[in-house]
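Following: one structure in structure tokens, then a few remarks.
Below, chain A is the first sequence line, B the second, and so on; all start at residue 1.
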Amino acid sequence: MLDIRFVRENPEMVREAVANRNDNAPIDEILRLDSERRQKIGRLDSLRQERKTVSREREKAQERGRQLRTEIQEMEEEVRRLDAQLEALLLQMPNIPQSTVPVGKDESHNVVVRTWKEPKKFDFTPAPHWKLGEDLGIIDFDRGVKISGSRFYILGGAGARLQRSLIYFMLDMHTREHGYQEIYPPFMVKQECMVGSGQLPKFADNIYHDVEDDLWFVGTAEIPLTNLHRDEILNKEDLPRYYVAYTACFRREKMSAGKDTRGIKRGHQFDKVELYKFTEPEKSNEELEKLTRDAEEVCQKLDLPYRVVEHCTADMGFAAARSYDIEVWAPGIAEWLEVSSCSNCTDFQARRANVRYRPGPEARPQYVHTLNGSGLALPRIMIAVMENYQQPDGSITVPGALRDYMRTKVIKPDG
RNA sequence: GGAGAGGUGUCCGAGUGGUUGAUGGUGCCGCUCUCGAAAAGCGGUCCCCGAUUAUAUCGGGGCGUGGGUUCGAAUCCCACCCUCUCCGCCA
């Protein structure tokens with residue numbers, strides 16, 4: 001959420017930022033509600049002040065007191081209404097891109113900032129992962145559909161083990177080498193958590209929701225991690241905090257119906273290892289660089305060629321002020337696969353979730369900055385491993401970094 | 001799920017209708033004392049909203065959450081949430 005004071009004082013800048021995002025937030029309406037709200041609060045406060053004075057005289061001024069009560073109640077109702085309207089609109093507004101973010105109309109304006117190694121050349125036609133997976137008997141699409149419907153699949157044998165190995169490998173790397181604390185959070189959260197991290201109210205149609213208990217299934221560990229310190233005031237010494245969490249992720253993917261239906265690239269349920277940071281405002285940009293490098297290192301250790309792409313204004317996520325994607329080359333499906341998206345959300349989520357810190361002993365609390373990035377998304381890194389390490393005979397060589405976890409050097413049929 | 005108890009400031013713990021941000025203790029910061037430390041004494045120490053020459057000042061709100069009663073509520077009423085104990089159930 002944006003600071004209403006910032007919007008009030010920089011309306012033109014906000015308007016431009018919103019336009020660059022191809023968003024159509026009603027700035028004028030927001031400014032109008034804000035000014036009306038403040039005016040009514042002024043009135044309400046002076047009424048309350050009078051009530052305070054009058055009530056001290058006990059029985060003497062009961063008549064005026066009764067009048068005041070009615071007026072105050074009416075004014076409270078007005079302010080409540082305006083608060084709600086204003087908040088509803090503010091909650092729909094995206095974060096403001098940082099000034100260094102390339103302005104663009106769509107994803108074609110994203111900028112490749114660096115690449116690591118060249119895509120591997122094959123002297124045979126590399127197969128897509130769904131073919132490899134089915135032939136090896138490690139991915140079962142048909143039974144996934146039988147059990148749960150479209151966009152569900154089953155990993156079996158070495159396929160399940162490969163995913164588990166990747167999870168262990170990534171968690172171990174980030175905790176041992178990059179200083180993240182491992183967290184196992186709930187996969188279902190309260191509505192206010194969804195609001196806190198920015199999924200609600202705007203993206204309700206992409207979230208699974210248990211109506212009976214009003215719990216929401218997380219589409220990313222970013223959600224519970226954002227809310228880990230909700231309504232807390234952290235000490236300056238507590239920052240930065242690095243967290244890494246493995247979770248399942250659930251997404252309805254209604255918006256992308258018919259897209260990427262083949263394979264395991266986009267399912268309703270997938271696993272992810274997520275990196276998350278709480279930092280001081282001045283440090284968040286350098287922390288984003290570090291976080292991105294931490295995620296990249298997974299690709300490097302797996303020896304998978306990748307590129308890092310900076311999002312342009314129009315392609316950025318709702319909560320992000322700046323973000324990088326890590327894209328790995330998948331030779332079988334012949335595309336750059338987004339295995340991670342690393343974002344600096346500045347104080348956008350912190351304001352929603354009310355996560356603050358005290359900059360100094362006597363200083364006022366201030367919102368922290370939050371950052372998140374996949375480190376990495378399992379199905380897509382699985383695709384990359386399978387397609388990059390495939391052999392002419394359809395077997396898959398296990399990357400060196402995973403051999404201790406997999407306890408094998410190659411995945412063969414019935415392996 | 002059933003029965004009971006309870007939710008107050010960093011924490012502990014008072015307060016059951018009237019200047020109560022809220023007794024007391026504790027923690028934290030500063031000062032005094034001291035060669036220094038401890039002890040002791042004194043002072044300070046919450047958050048939000050609004051007004052402003054804007055962290056100095058003024059006003060309002062906040063005692064689990066949201067409503068209500070009243071001239072006036074931490075204190076009374078209603079609903080909900082959470083914690084603890086016992087019972088039931090269960091990986």
Side-chain angles (χ1 to χ4, degrees), chain A residues 1-11 30-91 184-196 200-201 209-216 224 227-239 241 246-248 278 280-282 347-368:
Chain A
M1 189 157 67
L2 300 182
D3 183 355
I4 182 61
R5 277 169 235 162
F6 181 83
V7 180
R8 186 189 303 153
E9 284 158 23
N10 307 277
I30 286 171
L31 291 171
R32 192 184 63 71
L33 286 168
D34 171 53
S35 122
E36 191 181 347
R37 172 180 173 272
R38 285 184 294 142
Q39 185 212 321
K40 297 247 156 99
I41 284 175
R43 177 79 186 122
L44 175 61
D45 283 353
S46 58
L47 285 170
R48 280 171 167 165
Q49 189 175 6
E50 192 185 345
R51 172 175 70 183
K52 218 173 210 177
T53 320
V54 163
S55 74
R56 282 186 195 134
E57 303 180 20
R58 309 287 172 96
E59 299 78 12
K60 290 180 190 169
Q62 288 204 12
E63 189 153 333
R64 178 62 187 146
R66 269 189 285 270
Q67 276 173 16
L68 281 169
R69 186 176 65 204
T70 316
E71 284 182 55
I72 286 171
Q73 281 173 343
E74 283 168 9
M75 198 54 68
E76 279 174 345
E77 182 54 44
E78 285 271 294
V79 171
R80 260 202 296 272
R81 208 193 78 234
L82 288 164
D83 273 345
Q85 285 180 1
L86 187 58
E87 197 191 15
L89 293 182
L90 280 174
L91 285 175
Y184 175 80
F187 296 1
M188 293 186 279
V189 300
K190 298 178 188 176
Q191 176 173 320
E192 60 210 86
C193 294
M194 286 289 173
V195 174
L200 286 178
H209 177 211
D210 169 49
V211 181
E212 204 158 7
D213 293 316
D214 196 24
L215 282 172
W216 300 71
N227 289 278
L228 207 57
H229 295 296
R230 195 177 66 219
D231 295 325
E232 290 182 26
I233 300 176
L234 303 168
N235 294 316
K236 187 188 168 105
E237 305 78 62
D238 295 334
L239 299 175
R241 297 199 81 111
Y246 155 77
T247 66
F278 295 88
E280 296 176 66
E282 308 74 45
D347 61 2
F348 187 84
Q349 292 177 321
R351 185 171 288 104
R352 286 173 166 248
N354 194 28
V355 185
R356 294 174 293 173
Y357 83 109
R358 205 176 291 282
E362 301 294 314
R364 258 188 197 164
Q366 225 180 82
Y367 291 112
V368 300

[atom1] atom, [N] versus [M]: distance in rounded Å?
| N | M | atom1 | answer |
| --- | --- | --- | --- |
| rG13(B) | rG72(B) | C1' | 27 Å |
| rC48(B) | rC90(B) | P | 49 Å |
| rG66(B) | rU8(B) | P | 16 Å |
| rG9(B) | rG15(B) | C1' | 14 Å |
| rC42(B) | rU53(B) | C1' | 34 Å |
| rU70(B) | rG18(B) | C1' | 12 Å |
| rC46(B) | rG21(B) | P | 15 Å |
| rU55(B) | rG44(B) | P | 23 Å |

Under 4.0 Å between a side-chain N or O of [X] and OP1 or OP2 of [N]?
| X | N | result |
| --- | --- | --- |
| R5(A) | rG50(B) | yes |
| R356(A) | rC48(B) | yes |
| R38(A) | rG50(B) | no |
| R358(A) | rC47(B) | yes |
| R364(A) | rC47(B) | no |

What is the distance, to the nearest angstrom, from the [atom1] atom on [X] to the [atom2] atom on [N]?
| X | N | atom1 | atom2 | answer |
| --- | --- | --- | --- | --- |
| Q366(A) | rC48(B) | CD | P | 11 Å |
| E232(A) | rC46(B) | CD | C1' | 16 Å |
| I72(A) | rA73(B) | CD1 | C1' | 14 Å |
| E63(A) | rG72(B) | CD | P | 14 Å |
| I4(A) | rC49(B) | CD1 | C1' | 13 Å |
| L33(A) | rG50(B) | CG | C1' | 17 Å |
| D3(A) | rC48(B) | CG | C1' | 13 Å |
| Q67(A) | rU70(B) | CD | C1' | 16 Å |

Closest nucleotide of RNA chain B for R8(A) versus for P365(A): which of these residues is on the 5' side?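 So the residue in question is P365(A).
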Report the secondary structure of RNA chain B in dot-bracket form, marking unpaired bases with a dot and bases paired to a different strand with |, and treating Watson-Crick or G-U pairs with both distances under 3.5 Å as paired. ((((((((..[[..)..(.....]].((((((.......))))))((((((.....)))))).[[[[[..)....]]]]])))))))....
Check salt bridge (charged side-chain N to carboxylate O under 4.0 Å, His left out) between [X] and all other residues, then give those that pass, not counting sequence neighbours.
| X | answer |
| --- | --- |
| E237(A) | none |
| R230(A) | E192(A) |
| D83(A) | R37(A) |
| K52(A) | none |

Can you check whether [Y]'s main-chain N or O pairs, donor with acceptor, with [X]'s side chain at less than 3.5 Å?
| X | Y | answer |
| --- | --- | --- |
| R352(A) | L91(A) | yes |
| R358(A) | N235(A) | no |
| N227(A) | C193(A) | yes |

Can you give me the N/O atom pairs linking the protein to nucleotides 75-81 of chain B at distances under 3.5 Å, or say none if there are none?
none

With sequence neighbours left out, what residues match F6(A) under ring-ring contact (aromatic ring centres under 6.0 Å, His included)?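 Scan of F6(A) (ring-ring contact (aromatic ring centres under 6.0 Å, His included), adjacent residues dropped) gives none.
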List for me each residue that meets ring-ring contact (aromatic ring centres under 6.0 Å, His included) alongside Y357(A), sequence neighbours excluded, and say none if there are none.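 So Y357(A) forms no ring-ring contact (aromatic ring centres under 6.0 Å, His included) with any residue.
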Contacts of Q67(A) that satisfy side-chain hydrogen bond (donor to acceptor under 3.5 Å, both in side chains) - sequence neighbours left out: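 Only R64(A) meet the side-chain hydrogen bond (donor to acceptor under 3.5 Å, both in side chains) criterion with Q67(A).
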Do E78(A) and R81(A) sit within salt-bridge range, that is, some charged N less than 4.0 Å from a carboxylate O?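 Result for this pair is yes, salt bridge flagged.
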E9(A) and R5(A) ion-paired at < 4.0 Å: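 No, this pair does not count.
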Which part of the nucleic acid, if any, lies within contact of R69(A), taking any heavy atom under 4.0 Å across all strands shown: a base, the sugar-phosphate backbone alone, or nothing?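 Touches a base.
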From I233(A) CD1 over to R364(A) CZ, what is the distance, rounded to the nearest 0.5 angstrom?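 One finds 12.0 Å between CD1 of I233(A) and CZ of R364(A).
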Heavy-atom count check: over 12 atoms from other residues, nucleotides or ligands less than 6.0 Å from M75(A) CE?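 More than 12 heavy atoms, drawn from other residues, nucleotides or ligands, come within 6.0 Å of this atom.
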Plane angle bin for H229(A) and F278(A) - parallel if under 30°, tilted between 30 and 60°, otherwise perpendicular: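 Correct class here is perpendicular.
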Residues in side-chain contact (heavy atoms from CB on, under 4.5 Å) with D45(A), at least two apart?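 Once residues adjacent in sequence are excluded, the partners of D45(A) under the side-chain contact (heavy atoms from CB on, under 4.5 Å) criterion are I41(A), R48(A).
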Reading nucleotides 58-68 of chain B 5' to 3', which nucleotides get B (base under 4.0 Å from a protein heavy atom), which S (sugar-phosphate only), which -? -BSS-----S-
Stretch residues 81-91 of chain A: residues that reach within less than 4.0 Å of RNA chain B through a heavy atom: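 None, since no heavy atom is under 4.0 Å.
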